[in-house]
Amino acid sequence: MSSTAYDPAPPAATAETPLLAATGLHKTYGSTPALAGADFSIRAGETVAVMGPSGSGKSTLLHCLAGIVPPDQGTVRYNGRDLGSLSDGERSALRRADFGFVFQFGQLVPELTCEENVALPLRLTGTGRKAAAARATEWLARLEVDDVRHHRPGQISGGQGQRVAVARALVNTPRVLFADEPTGALDSLNGERVMQLLVAAAQDTKAAVVLVTHESRVAAYSDREVVVRDGRARDMAGAL
Ligand SMILES: Nc1ncnc2c1ncn2[C@@H]1O[C@H](COP(=O)(O)OP(=O)(O)OP(=O)(O)O)[C@@H](O)[C@H]1O
């Protein structure tokens with residue numbers, strides 16, 4: 001095993017123990033506090049909506065949970081392991097192997113076809129070109145966009161692009177899908193369809209979903225809602 005590989009040996013999460021848990025997260029950008037003691041946890045296969053007003057710290061929480069941004073204080077544990085104890089290389093390897101990402105805009109590589117975009121995470125984790133292309137095509141069909149597989153992102157609609165992005169995020173069967181306003185740039189009809197497909201595909205692959213949104217219509221697809229306000233997260237128990 002190379003020094004940058006992620007070793008998933010620690011105890012596996014069970015239905016009772018969280019797969020991903022953050023405790024006491026603080027993060028300040030310059031003099032702007034983004035997180036001020038945020039706690040969060042999600043179990044395997046669960047979909048949790050992270051809601052709250054603009055600037056309340058939702059995206060920062062997602063970035064800390066995914067190991068993209070290090071918190072100033074507090075810990076994030078994935079599968080029992082403290083992300084802060086991993087090297088940068090180990091964290092990158094973990095993200096590639098176990099996490100998938102969908103953002104609001106611009107995450108597809110413009111020079112690649114949709115099929116090549118979806119195949120990319122597989123290629124980066126060592127899958128051969130033909131096998132990766134075949135899996136990518138299957139995933140594009142599952143998201144109902146196989147007809148645009150040879151198009152480039154600039155040649156397709158926003159809704160099609162988000163479906164391709166969801167296919168790319170799930171093609172490696174991640175254990176956690178991080179989705180930051182995945183339908184924020186879509187009209188309501190396209191947004192609904194993308195959410196239906198995203199949630200169904202995540203359920204099929206048993207991925208947990210951290211879903212950042214400010215729309216209650218989108219949050220309605222979750223099992224549970226957490227509201228972030230002034231850098232702190234509050235569980236809305238029973239607010240299904
Ligand atoms: N890279 C950064 N540099 C400086 N300030 C930042 C950075 N990222 C976030 N912030 C600030 O931290 C605070 C929280 O931002 P964050 O993006 O986490 O909120 P949010 O709830 O996701 O907002 P929105 O709903 O508008 O996307 C805001 O005041 C924001 O301006």
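Order of listing sets the numbers, starting from 1, for every ligand and every atom in it.
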(message) Tell me every residue that passes side chain to side chain contact (heavy atoms under 4.5 Å, CB included) with Val69, counting only those two or more places apart in sequence or in another chain.
(response) Lys27, Tyr29, His63, Cys64
(message) For ligand 1, give me the residues whose heavy-atom distance to it is below 4.0 Å, by chain and number please.
(response) Tyr29, Thr32, Ala34, Pro53, Ser54, Gly55, Ser56, Gly57, Lys58, Ser59, Thr60
(request) Determine whether more than 12 heavy atoms belonging to other residues, nucleotides or ligands lie under 6.0 Å from atom CZ of Arg232. (result) no
(request) Could you list all the salt bridge (charged side-chain N to carboxylate O under 4.0 Å, His left out) pairs where at least one residue sits in residues 133-143, not counting sequence neighbours? (result) Arg142-Asp204
(message) Restricting to salt bridge (Lys or Arg N to Asp or Glu O under 4.0 Å), what partner residues turn up for Arg234, sequence neighbours left out?
(response) none
(message) Assess whether a salt bridge exists between Glu192 and Arg217, defined as any Lys/Arg side-chain N lying under 4.0 Å from an Asp/Glu carboxylate O.
(response) yes
(request) Answer yes when Glu111 and Arg152 have at least one side-chain N-carboxylate O distance shorter than 4.0 Å, and no when they do not. (result) no
